[in-house]
*Asks:* 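Shown below is the structure under consideration.
Everything numeric here is computed off the predicted structure, so don't read it as measured data. For the numbers below, each heavy atom of this structure counts, side chains included, while hydrogens, waters and symmetry mates do not. Throughout, a chain's letter reflects where its sequence line sits, starting with A, and its residues are numbered from 1.
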Amino acid sequence: MYALVKELYPLCRSITGDGVRETLRRVAAHADIKMHEVPSGTAVFDWTVPREWNIRDAYVKNSRGDRVIDFKASSLHVVSYSAPVKAHLSLSELRQRVFTLPDRPDWVPYRTSYYRETWGFCAADRVMQGLEDGEYEVCIDSSLAPGSLSYGECYIPGATDDEVLVSCHVCHPSLANDNLSGIAVAAFLAGLLSKASLRYSYRLLFIPGTIGSITWLATNEATVARIKHGLVLACVGDGGGPTYKKSRRGNAEIDRAVGLTLATHGGGSRIEDFTPYGYDERQFCSPGFDLPVGCLMRTPHGRFPEYHTSGDNLDLVRPEALADSLGICLAVFDALESNRVYVNQSPKGEPQLGKRGLYGSVGGLAGVRDEMTMLWVLNLSDGRHSLLDIAERSGCSFAAVKAAARALEAAELLKEA
Amino acid sequence: MYALVKELYPLCRSITGDGVRETLRRVAAHADIKMHEVPSGTAVFDWTVPREWNIRDAYVKNSRGDRVIDFKASSLHVVSYSAPVKAHLSLSELRQRVFTLPDRPDWVPYRTSYYRETWGFCAADRVMQGLEDGEYEVCIDSSLAPGSLSYGECYIPGATDDEVLVSCHVCHPSLANDNLSGIAVAAFLAGLLSKASLRYSYRLLFIPGTIGSITWLATNEATVARIKHGLVLACVGDGGGPTYKKSRRGNAEIDRAVGLTLATHGGGSRIEDFTPYGYDERQFCSPGFDLPVGCLMRTPHGRFPEYHTSGDNLDLVRPEALADSLGICLAVFDALESNRVYVNQSPKGEPQLGKRGLYGSVGGLAGVRDEMTMLWVLNLSDGRHSLLDIAERSGCSFAAVKAAARALEAAELLKEA
Amino acid sequence: MYALVKELYPLCRSITGDGVRETLRRVAAHADIKMHEVPSGTAVFDWTVPREWNIRDAYVKNSRGDRVIDFKASSLHVVSYSAPVKAHLSLSELRQRVFTLPDRPDWVPYRTSYYRETWGFCAADRVMQGLEDGEYEVCIDSSLAPGSLSYGECYIPGATDDEVLVSCHVCHPSLANDNLSGIAVAAFLAGLLSKASLRYSYRLLFIPGTIGSITWLATNEATVARIKHGLVLACVGDGGGPTYKKSRRGNAEIDRAVGLTLATHGGGSRIEDFTPYGYDERQFCSPGFDLPVGCLMRTPHGRFPEYHTSGDNLDLVRPEALADSLGICLAVFDALESNRVYVNQSPKGEPQLGKRGLYGSVGGLAGVRDEMTMLWVLNLSDGRHSLLDIAERSGCSFAAVKAAARALEAAELLKEA
């Protein structure tokens, strides 16, 4: 996953354009994604798919012809969706057009202007402070023209049409944690899920933020109701502990499955309530859909200093954090896949576990804990409690509850409700 | 308000009599109140309106003819509802008839005996300790006779017959916080509300405690159901932070509106659960009515040392506390007046706020917070959440939620449900 | 109660056999119990009543003929349900057959093997360490043969067929806290209840653990639904504070009655959630029955070091702890017996308590608290709140609420709903 992050890092992505297409082509090496193109001007709910933006080069040259700001050095140097321009400016005029971070003089900020046509640059404050008076040549060799919005979709069919949605945004340029990390985890999830035997079908979306999810919802409205659970993946590669932001519903099965998974994850995990700000869960959880979709992050947006700056680079993302995020997703999906309601077939008094050889017999778990977990599963399997319910009430891990249920089902003490 | 407290302070009020009438007449200079008289002997639920009590003078004179206890110096010196008496007593006989506070030797206690006919005096313990042996002349020039119970009522009609009740007790003699403070705040509320355009009708009661509210409920039983929200005002003038005691229901709209108001009030506010002791909320919340009426105080009865003593004087009440209590009432009424359920007209995905100029455009609020508040209002306006619900869940102030709803309604993104 | 514990201590009990019968005969001196015998081989749900085990003698002799392990010294020395054996073993062979506690070298552990036929001894580790090499004679003079499972049942009829169940296990040999303490408290409860006028009928079971409750449930299935509340008594004699483990339902009336009782019990009481491990509440709360039965203990099983060892002896049990446990049971039963829903007959406003002489008139309670309790009972007696509800919401003790309700009922201000 880290290698994919590294490979995608230099590309200049935005909400439309060839950078997104190239990103999706490279993701396709890992996940069987289908490319979609939605023409500019398409009405999608309250929005319209914008003109397509492409950029070949951009720079600010000083009077000696040196590129003091250079798009080729980093895609962050141009305000995303900048209109084409070729002009000569005084230093003070130039300053009006360049965003910097005076508090972080070595970092280049990330700025966009998708829906108000303008142009501009972003640069390290230290660079701007070092410029001499004089005339500067500015050039943005971009185009804003009818085209299309591109997104990738990977559909992995399971035993039922009920779907688990995984969504990540692909619109940010050279920013590693936000969100090449999400793209990489989603791509590898697709690879792993495609080899598994699944109850749910999985739909993985690689879409530009906001306009992408709105476009997808608008063009797939008829089948949106199939989505039973979902996760948005964003900023899943930094060194912080995992953070889960609940769906708008707050107690959806996905919220509980992630809650249980993080409860046994070890130090530093956080569960936060839904807010209507953040990533594409904003759209999936809009009141017209109210889908059970939460957001998995590590350090949330805006709470790490490198957020939306050139500091969000390949050093911020850690291979072990990507692996941990992938592992959390797999554990959550395992809980969703395995969550069932069972009925104890010997509900009056405890069944005699000893005569069935069930004491100390569940693979890999310590004996006493095994017994307790089996007793919990038997006690609560009255047709009204799912394995998730049992794990939550008992304090046993979902994995232990699942293993106990399997052992009891094999002994014909449990049947699915 | 403080001037009104000062003006009313010397009058000798009780649960009936001319002191109450004079108080109501002076309140009428600030609020358009209608006087009511309910004859002695009227059966009101389990009670009977008592005989009317009036008092002209009362004193204890020593053998030199000096008034050592003098009603004219403070109305607290006579046990309220004392029967008339004229007698000569030895010092030890006198002591049987005089209540003092040995722990607070300079304060005169407040005592009543409404329903058991007797007579008595109250005095500073230091005064009683200083008396010499000898004969004392005692005189209470009072009358207990058929008459009536007086109360004042100010009705301010709004767009609907649904009512907000404000009630304060007018039966305490020279005690400033308990409850000239409540009378003053209620009087000024009436003045302000009478100039406003209102959704609810407001009914402000100036009534003697217990027997007054029971009398009002008994004589207005047919229309009591119009009361949708209510506040009893008592001890709203001391320097402590505001205290709200919830209605018996505990989660009535009034309870939530006050809760939100105090949550943004700053330090020192308290929310307490209902108890069936306190002021007239006891009667309004009796099980036969169970009205959604809470009680706004500053320091609750019995928790400030001056309570029911001459220490509850004009120094205890602070103009700024009266003003703050008035402001809290107005903020609460604004929440009740403004609380509506809206429906997002663009519920699928977020609407595009930028194209409507809604970013950073809500009057007086900071940009980022504005956006968050608008997103919350849009996200939760699904026909099932009121603005109060939205403020509670989002943590935004009610004022911010209301402003956001107005801006979104003006942009036709919200409609009332 | 302590004398009964002492009397029963030497007997060798197990899940069947003459030790249980002798125990029940001695309990019968205190409680009017009926003996039941259920034949070996009877199918009881998933279980079968086992063969009956009896033991006359058992020992390990060294080469000099000294009994180094002697059943006559303590019934713990033989693994319960040991098959008969007579053999000569080397020291190392002997060690394979003797359980010890190396961490507690002076204590003899308690071990059983009910459902896997084997034999063995238990001894102090220090004794085993002191043995010399040589040949040892082992003898267990026991029998495992068709017979029956014995239990005792005391039924105390009340005004209704609705039952309160009290259950204690009688299968442990010379262990004092676990569970001679429970037997003694149950026996004395039976004696006291049989003299009382009762609303509920009480059923006290003296049964072997697990197989006994399963047998009782299987042979009384038709009338199990009469059980409206229940307590398992176990480990109720040690010096720790009382611990209550809730029923599976978690908010049953028994759970709330014990909760209120312990809330006013003073320091060191604990309320714990249900788990499907412990004593016979496991069976009563199995999903096919889900009876409202909790478990009263002092220090729970496994949390005192003497648990299931010879350290659980007559020194561990304290007369005052037995008395306190008995008192808790009686207070809980009083709450169950007295819990009623009343309707305030003067629900509009407060009734005038003074004219009825109700102020300061409730036997034994302080005046102000009395009034508050009466006001709470009047306020909440709307036909929807029981006295338990009122005690919980008001924070008043159940005893105070009950006394207030009686006084108000006598004054005709309350009627049962």
Side-chain angles (χ1 to χ4, degrees), chain A residues 15 42-50 81 112-118 167 205 207-222 224-225 227 232 245-251 272-291 293 301-302, chain B residues 340-362 365-387 389-397 400-401 404-405 407-417:
Chain A
I15 55 173
T42 304
V44 285
F45 300 136
D46 195 49
W47 304 62
T48 305
V49 173
Y81 258 67
T112 70
S113 186
Y114 303 137
Y115 299 103
R116 193 174 57 88
E117 188 171 325
T118 183
S167 177
L205 299 181
I207 52 177
T210 306
I211 186 68
S213 50
I214 287 170
T215 297
W216 186 85
L217 285 165
T219 54
N220 290 275
E221 202 176 344
V224 159
I227 297 172
V232 169
K245 179 178 136 183
K246 290 184 199 175
S247 76
R248 180 181 187 264
R249 301 183 187 182
N251 65 346
E272 306 196 343
D273 283 332
F274 176 76
T275 67
Y277 196 74
Y279 295 102
D280 283 324
E281 69 278 6
R282 294 161 69 161
Q283 313 308 330
F284 298 123
C285 295
S286 59
F289 292 107
D290 194 20
L291 295 175
V293 174
H301 55 92
Chain B
R340 295 283 198 293
V341 174
Y342 290 94
V343 178
N344 180 340
Q345 301 299 298
S346 180
K348 293 177 178 172
E350 289 168 13
Q352 200 179 350
L353 297 179
K355 74 180 180 190
R356 293 177 175 86
L358 282 170
Y359 277 130
S361 67
V362 180
L365 299 167
V368 172
R369 273 226 321 246
D370 273 12
E371 278 177 49
M372 268 309 278
T373 311
M374 281 191 287
L375 291 173
W376 271 115
V377 173
L378 286 166
N379 189 274
L380 292 179
S381 287
D382 53 8
R384 293 180 295 117
H385 295 89
S386 70
L387 296 189
D389 294 327
I390 297 172
E392 286 180 341
R393 178 157 173 188
S394 68
C396 304
S397 73
V401 166
L408 292 167
E409 195 178 19
E412 297 182 0
L413 284 171
L414 286 189
K415 269 194 190 161
E416 215 180 315

*Asks:* Taking the side chain as C-beta and beyond, is there a heavy-atom pair between A:V224 and B:K348 under 4.5 Å?
*Replies:*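 SC-SC contact between A:V224 and B:K348 ruled out.
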*Asks:* Pick one of side chain, backbone, both or neither for A:R248, based on which atoms fall under 4.5 Å of a heavy atom in chain B.
*Replies:*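 Both backbone and side chain of A:R248 come within 4.5 Å of chain B.
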*Asks:* Calculate, to the nearest 0.5 Å, the distance between atoms CG and CZ belonging to A:D46 and B:R356 respectively.
*Replies:*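 If I round to the nearest 0.5 Å, the distance is 4.0 Å.
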*Asks:* Report which part of B:L380 has an atom under 4.5 Å of a heavy atom belonging to chain A: side chain, backbone, both, or neither.
*Replies:* both
*Asks:* Give a yes or no answer on whether the side chain of A:R282 reaches the backbone of B:L375 with a donor-acceptor pair at less than 3.5 Å.
*Replies:*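 Such a contact is absent between A:R282 side chain and B:L375 backbone.
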*Asks:* Among the options B:S381, B:G349, B:G395, pick out the one with the most heavy-atom pairs lying under 4.5 Å from chain A.
*Replies:*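 Maximum pair count with chain A is reached by B:G349.
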*Asks:* Any side-chain to backbone donor/acceptor pair from A:Q283 onto B:E350? Under 3.5 Å, distance only.
*Replies:*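 Flag set: sc A:Q283 to bb B:E350 pair under 3.5 Å.
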*Asks:* Pick whichever of A:D280, A:I211, A:T275 has the most heavy-atom pairs under 4.5 Å with chain B.
*Replies:*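 Option with the greatest count: A:T275.
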*Asks:* Need one label for A:L217: side chain, backbone, both or neither, based on atoms under 4.5 Å from any heavy atom in chain B.
*Replies:* neither
*Asks:* Measuring heavy-atom distances to chain A, does B:N379 have an atom under 4.5 Å in its side chain, in its backbone, in both, or in neither?
*Replies:* both
*Asks:* Does B:K415 have more than 12 heavy atoms from other residues, nucleotides or ligands lying within 6.0 Å of its NZ?
*Replies:* no
*Asks:* Within this structure, what is the CZ-CG distance for the pair B:R393 and A:D273, rounded to the nearest 0.5 Å?
*Replies:*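 B:R393 CZ to A:D273 CG: 7.0 Å, rounded to 0.5 Å.
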*Asks:* Of the non-hydrogen atoms in B:W376 and A:P276, which two are nearest, and what is the gap between them?
*Replies:*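 Shortest heavy-atom separation between B:W376 and A:P276 comes out as CE2-CD, 3.2 Å.
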*Asks:* Does B:E412 have more than 12 heavy atoms from other residues, nucleotides or ligands lying within 6.0 Å of its CD?
*Replies:* no
*Asks:* Please flag which part of A:F274 lies under 4.5 Å from any non-hydrogen atom of chain B: side chain, backbone, both or neither.
*Replies:* both
*Asks:* Tell me, with the steps shown, if A:T48 and B:Q352 meet side chain to side chain contact (heavy atoms under 4.5 Å, CB included).
*Replies:* CA-CA 10 Å; A:T48 305; B:Q352 200 179 350; 5.9 Å; no
*Asks:* Given a strict heavy-atom distance threshold of 4.5 Å, which part of A:S213 is in contact with chain B: side chain, backbone, both, or neither?
*Replies:* neither
*Asks:* Just checking A:Y277: does its OH atom have more than 12 heavy atoms from other residues, nucleotides or ligands closer to it than 6.0 angstrom?
*Replies:* no
